[in-house]
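All chains are named by letter (A, B, ...) in the order of the sequence lines, taking the proteins before the strands, and each is independently numbered beginning at 1. No experiment lies behind these values; they were computed from the predicted model shown.
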Number of protein chains: 2
Amino acid sequence: MVSAALVGQVIQSYRLRKGMSQEVLSGLAGLDRTHYSKIERGLRSPTLDTLFKIAQALDIPPSDIVRQIEQQISEYPEP
Amino acid sequence: MVSAALVGQVIQSYRLRKGMSQEVLSGLAGLDRTHYSKIERGLRSPTLDTLFKIAQALDIPPSDIVRQIEQQISEYPEP
DNA sequence: ATGTGACTCTAAGTCCGTT
DNA sequence: AAACGGACTTAGAGTCACA
């Protein structure tokens with residue numbers, strides 16, 4: 001089980017590193033801004049499809065995001 | 001947009017390489033067997049959560065599967 | 001520029017089968 | 001062992017008004 005909060009946290013850190021607003025990112029990804037906002041806060045856990053859209057907007061390979069999630073899990077194992 | 005058929009194809013190739021049946025794999029992943037069957041046939045596209053479960057059952061990093069999907073997309077671009 | 005609640009719609013995921 | 005189908009429940013996708 002993958003924590004939705006962790007996924008959101010990883011995605012947000014990528015977004016902030018790019019200096020993008022939620023508005024711009026969600027626009028590029030073709031997602032509704034409020035929907036994206038919920039994903040970042042872990043209120044929704046994205047489908048694989050949505051993850052690919054977000055990665056595309058961030059201009060990074062989707063596998064980078066997934067690998068980052070893996071690392072977070074191994075560093076901070078969930079109970 | 002990620003083709004569900006492509007995802008299923010990639011996952012299936014990993015499973016066959018491991019010499020596992022759908023029954024064993026879905027059991028390890030904690031998924032319904034018929035549901036997993038549909039994913040392989042591209043009738044369902046898994047959530048990020050389900051992808052992690054499948055990767056765990058395959059004993060490979062989830063990012064490996066995602067990277068494989070990316071490669072397939074770049075090699076055989078979709079119209 | 002972001003958070004939130006309240007929706008509808010669609011698909012993921014489960015469970016019962018048969019071929 | 002796996003494809004295939006039907007009926008069902010749950011949750012994400014997508015949208016809006018408002019703070």
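The number of heavy-atom neighbours closer than 6.0 Å to CD of A/Gln56, taken from other residues, nucleotides and ligands shown, is 12 or below.
Here the side chain of B/Glu70 pairs a donor or acceptor atom with the backbone of A/Ser63 at under 3.5 angstrom. In this structure a side-chain-to-backbone donor-acceptor pair under 3.5 Å is present from A/Lys18 to A/Leu58.
Between B/His35 atom NE2 and C/dC15 atom C1' there is a gap of 13 Å when expressed in whole angstrom units. Distance, B/Arg44 CZ to D/dT10 P: 16 Å, rounded to whole Å. Spacing between atom CG of A/Leu43 and atom C1' of C/dA6 amounts to 14 Å, rounded to whole angstrom units. Rounded to whole angstrom, the span from the NZ atom of B/Lys53 across to the P atom of C/dA12 amounts to 14 Å. Here C/dA1 presents its P atom at 15 Å from CD of A/Gln12, a figure rounded to the nearest Å. For the pair A/Lys38 NZ and C/dG3 C1', the interatomic distance rounds to 9 Å; values are reported in whole Å. Protein atom CG of B/Asp32 is 16 Å distant from nucleotide atom P of D/dT10, rounded to whole Å. Counting to the nearest Å, the P atom of D/dC4 and the CZ atom of B/Arg33 are 13 Å from each other.
Considering only the side chain of A/Arg41, C/dT4 comes nearest among D/dC4, C/dA12, C/dT4. Looking at the side chain of B/Thr34, the nearest of the listed nucleotides D/dG12, D/dC4, C/dG3 is D/dC4. For A/Ser21, the side-chain atoms get nearest to C/dA1 when compared with the rest of C/dC15, C/dA1, C/dG3. Of the listed nucleotides (C/dT2, C/dG13, D/dA13), C/dG13 has the atom at the smallest distance from the side chain of B/Ile39.
Mapping B/Thr47 and B/Gln22 onto DNA chain D via the closest heavy atom, the residue that lands nearer the 5' end is B/Gln22.
Of the side-chain N and O atoms in B/Thr50, one or more sit less than 4.0 angstrom from OP1 or OP2 of C/dG13.
No N or O donor and acceptor, one from the side chain of B/Ser37 and one from the base of D/dC4, sit under 3.5 Å apart.
The minimum heavy-atom distance linking B/Ser45 with B/Ala4 is given by the pair CB-CB, 3.8 Å.
No single ILVMFWY cluster, assembled from side-chain heavy atoms under 4.5 Å apart, contains both B/Leu43 and B/Leu51.
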